[in-house]
Each structure stands twice: as structure tokens, then as C-alpha cells.
Protein chains: 2
Amino acid sequence: MTGETERREAAEQLALTLVGAGMQRMGARAIAAFLFSEEESLTAGDLAQELGVSAGSVSGAIKMVAQMGLIERIYVAGSRREHFRMRDNAWTTLYSRQHSVVTDVLDAVEKGVGAVGPGRAHDRLEYMRDFYTFLINEAPMLVERFEQQRRGEPRS
Amino acid sequence: MTGETERREAAEQLALTLVGAGMQRMGARAIAAFLFSEEESLTAGDLAQELGVSAGSVSGAIKMVAQMGLIERIYVAGSRREHFRMRDNAWTTLYSRQHSVVTDVLDAVEKGVGAVGPGRAHDRLEYMRDFYTFLINEAPMLVERFEQQRRGEPRS
DNA sequence: CCCTGTCTTCAGAAATTTCTGAACATTCGC
DNA sequence: GCGAATGTTCAGAAATTTCTGAAGACAGGG
């Protein structure tokens, strides 16, 4: 049975790598806390205590990760607080959502294709457009395939 | 025939969306400049002029995008300057490289799996590990598939 | 060897992001 | 409706990132 300290350190370590991957600090710490928690759900107060930060920071972090689709609110009878838990499909959802940023890029590329005449730049832009379009089309199938595969071999 | 101003604006616009996608500002502006350039290659000086920034900034930006595998140095006879050009497979390369950050995350998750006993946290960590492992395995095939498909229908 | 053109490094300035804390809003039980 | 518990907002402080400019390193021609 491993210690509480070790668990927290592993959580902080994961948060750091998520920051390295582009996520914002407090959001990363929050999602790591959810991921590593043995509780069914956490409240804003729980998080503030676990992370040692102000209520304001927690409010912002929760809004962010909820917006990303990683956590959801659940209703707990007899509690006035807002309880949140990590969604089961959080990571596949996150992967699918990257699409919104990819479509933004794609829009900008399309504008570029329209803004330059034939030539090297035009060719490069077309290539980029084609690849990102391909990714957007393929991602849902990829996720689907993962879920099927996982259903196939349910437990380790 | 579209104007120079329009081309620059489209480039800056794309740079901004890349920043939104997590890339650093000057690196994004540099890669956009390469993408939109009609020249075969650009030098640090060209970039400094095109972007209106200092030589120091350009040096850092070039190092960054070269490190990402998006541009490569080419040797131009009779020129003492270092010429760079965007690699043909820049975007597929970039996609494949994301793996290094994904593997970092994966390492942290592995540590987490080891650090918690059986329970909810353990299950969540395993799920996350399985999904990211799946992605890492699938990505090369995805890129391969794109390239094959593109070879099939060469030009629009 | 020196000189010139080119690129890199790095300390500090500037800009941006992130966090806090306190005031305010909301909700629910009574 | 009132009061207590909980959550949100926002202005400013703190921390971090990014850019610049000047000094220095390096390479090649003469």
C-alpha cells in the first residue's frame, strides 16, 4: 500500500508534463487531482484544500477543465456543494476536441490558399490543408477503434 | 492576382491560430513566413526583414522550428549565409513528433499506476495509459495512410 | 593572419500570463 | 425574506515568458 505523499508527487509530476504538453498550470493540477482521487467526486473546496490554492483559482480551473469536457457536475443528495467528477471518456473526448483548434488552423490555411496565386506557397498551403483535413476525418474512427478494442479485452 | 499585403495578413493570421494551438509566438510567425514565401529558401536576414524583428529573435525562432523538424538547412553555392527551407513533410513530421510529449505524459502516468493501490484512481490511470499507448501506436500508420492516399490522387 | 559579414548568446526590458484576496452574487434551509 | 454556506468575478501583484540590442564567436576571402 503506497503512501499519500507518493500519490501526491505522482499527481504533481503528471500535472507538470501536462503543462509541458501545453495545458495551463492550474487546469493541469486540477485534472491530475481528479485523476488520482479515490473519491467518487470532488467539490471546489476539496480541490482548494488538495492543491493549496485560493478559491478563485479553483473556480477558474474548474471552469476550464469542465469546458474541455474532462469533468462533469454530478448532483449529490443532501449536499449544497457542487460536486464534480472526471468523465469516463475524458481522454478520448479531449482528443476529439483538439479538432476545434485544428479547424481554426484549417480556416486560416483556407484563407491563405485563397490569398496567394499559383506557386510554391500555394502548393505548400494545399498540402497542409489536405493533411489537417485528413486528420479531422480520421480522428473519430480512431477513437471508435480504440473503444471497440478495449471492449474486446475488458480487464488486464 | 492578390496583393502582398493580403498575403502578409493571411500569414499573420495563420501564425496567430498556431499560437492559439500552443506554438510559441515567434516560432509560429517564422513557420508562417516560410509557408507563405514564394522563395526557394530564406535566410535569417530575410526573416528578420519579413517579420520586422531583431536578429536575436530570429535566431531563437529558427532554432526552435528547426528542432521541431519543420525546416531544414540547405547549402546555396556562393552564399555565405545559412539558407533554410520548409521541409516537404513538415506537417506530418510535426504530427509524428507530438509523440515525444505524449510519451512524457505516458511515463508520468506509468509512475502513477505504480504509485496507487487498486481502486478508482488505478482504473482511471490504466484507462488513460491504454488510450495514449494506442495513439502512439496508431499515429505512424495514420501518416502512412495519408501519404499513400495523396500519392493516389496527385493533383486537384 | 586580419577583416568583414553572418549568426549566437545573454542580461535586462517589456509584455503577458497566472494567482490571489476581497467584494459580490447565488442558492438553499429555515 | 434572512442568514449562512458556497461559488464567481475582477483589479492588482507576482511570476513567467518573450523580445531586444549589444557583445562576442565563427568562417571564409584576401
Side-chain angles (χ1 to χ4, degrees), chain A residues 11-12 14-34 39-68 70-85 101, chain B residues 11-12 14-34 39-68 70-85 101:
Chain A
E12 286 298 333
L14 178 60
L16 281 182
T17 67
L18 289 177
V19 170
M23 195 176 296
Q24 277 162 340
R25 196 173 124 81
M26 199 54 87
R29 293 188 70 203
I31 198 63
F34 277 105
E39 306 300 323
E40 171 65 21
S41 64
L42 297 176
T43 67
D46 296 338
L47 269 186
Q49 173 146 42
E50 174 79 17
L51 302 177
V53 296
S54 70
S57 294
V58 169
S59 177
I62 284 181
K63 185 189 285 184
M64 172 185 319
V65 295
Q67 153 75 30
M68 284 197 274
L70 297 179
I71 63 173
E72 63 191 347
R73 179 170 184 184
I74 62 178
Y75 292 86
V76 174
S79 170
R80 255 166 78 180
R81 311 224 241 159
E82 298 191 2
H83 290 251
F84 296 90
R85 77 164 171 208
V101 342
Chain B
E12 287 299 332
L14 178 59
L16 282 181
T17 65
L18 289 176
V19 170
M23 194 175 296
Q24 278 163 337
R25 193 173 127 83
M26 198 55 87
R29 293 188 69 203
I31 199 62
F34 278 103
E39 306 300 321
E40 171 64 20
S41 65
L42 296 176
T43 67
D46 295 338
L47 269 186
Q49 173 147 43
E50 175 78 19
L51 302 178
V53 297
S54 71
S57 294
V58 169
S59 180
I62 284 180
K63 185 190 283 182
M64 171 186 315
V65 293
Q67 154 75 31
M68 283 197 273
L70 297 179
I71 63 174
E72 65 192 346
R73 180 170 182 188
I74 62 177
Y75 292 87
V76 173
S79 171
R80 260 165 73 180
R81 308 223 240 160
E82 298 192 4
H83 290 251
F84 297 89
R85 77 162 172 213
V101 342

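To find a chain, count down the sequence lines: A is the first, B the second, and so on, and within it residues start at 1. Both backbone and side-chain heavy atoms feed into the values below; hydrogens, waters and symmetry mates do not.
In terms of phosphate contacts, B:K63 brings a side-chain nitrogen or oxygen within less than 4.0 Å of OP1 or OP2 of C:dT9.
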Give each protein N/O atom lying under 3.5 Å from an N/O atom of nucleotides 1-5 of chain C, with the pair distance.
{"residue": "C:dT4", "atom": "O2", "partner": "B:R80", "partner atom": "NH2", "Å": "3.1"}

Using a cut-off of under 3.5 Å, enumerate the N/O to N/O pairs linking the protein to nucleotides 16-21 of chain D.
{"residue": "D:dT18", "atom": "OP2", "partner": "B:Q24", "partner atom": "NE2", "Å": "2.7"}
{"residue": "D:dC19", "atom": "OP1", "partner": "B:R25", "partner atom": "NE", "Å": "3.3"}
{"residue": "D:dT20", "atom": "OP2", "partner": "B:S54", "partner atom": "N", "Å": "3.3"}
{"residue": "D:dT20", "atom": "OP2", "partner": "B:S54", "partner atom": "OG", "Å": "3.4"}
{"residue": "D:dT20", "atom": "OP2", "partner": "B:S57", "partner atom": "OG", "Å": "2.5"}

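The salt bridge (Lys or Arg N to Asp or Glu O under 4.0 Å) contacts involving residues 45-62 of chain A comprise A:R7-A:E50, A:R8-A:E50, where partners must be two or more places apart or lie in separate chains. Sequence neighbours left out, the pairs with a member in residues 14-34 of chain A that pass side-chain hydrogen bond (donor to acceptor under 3.5 Å, both in side chains) are A:E12-A:R29.
Between the C1' atom of C:dT26 and the CD atom of A:E82 lies a distance of 10 Å, rounded to the nearest Å. One interatomic measurement links the two molecules: CG of A:L47 to C1' of D:dG7, which rounds to 13 Å at whole-angstrom precision.
A:E39 is linked by a side-chain contact (heavy atoms from CB on, under 4.5 Å) to A:S37, A:L42, counting only residues two or more places apart in sequence or in another chain. Listed by chain and number, the residues in a salt bridge (charged side-chain N to carboxylate O under 4.0 Å, His left out) with B:R73 are B:E82 (sequence neighbours excluded). Residues that satisfy the side-chain contact (heavy atoms from CB on, under 4.5 Å) test with A:R80, not counting sequence neighbours, are absent from this structure. Applying the side-chain contact (heavy atoms from CB on, under 4.5 Å) criterion to A:A61, with sequence neighbours excluded, gives A:M26, A:A30.
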What pairs of donor and acceptor atoms, side-chain ones from residues 51-60 of chain A against any protein atom, are under 3.5 angstrom apart with sequence neighbours left out?
{"residue": "A:S54", "atom": "OG", "partner": "A:S57", "partner atom": "N", "Å": "3.2"}
{"residue": "A:S54", "atom": "OG", "partner": "A:S57", "partner atom": "OG", "Å": "3.3"}

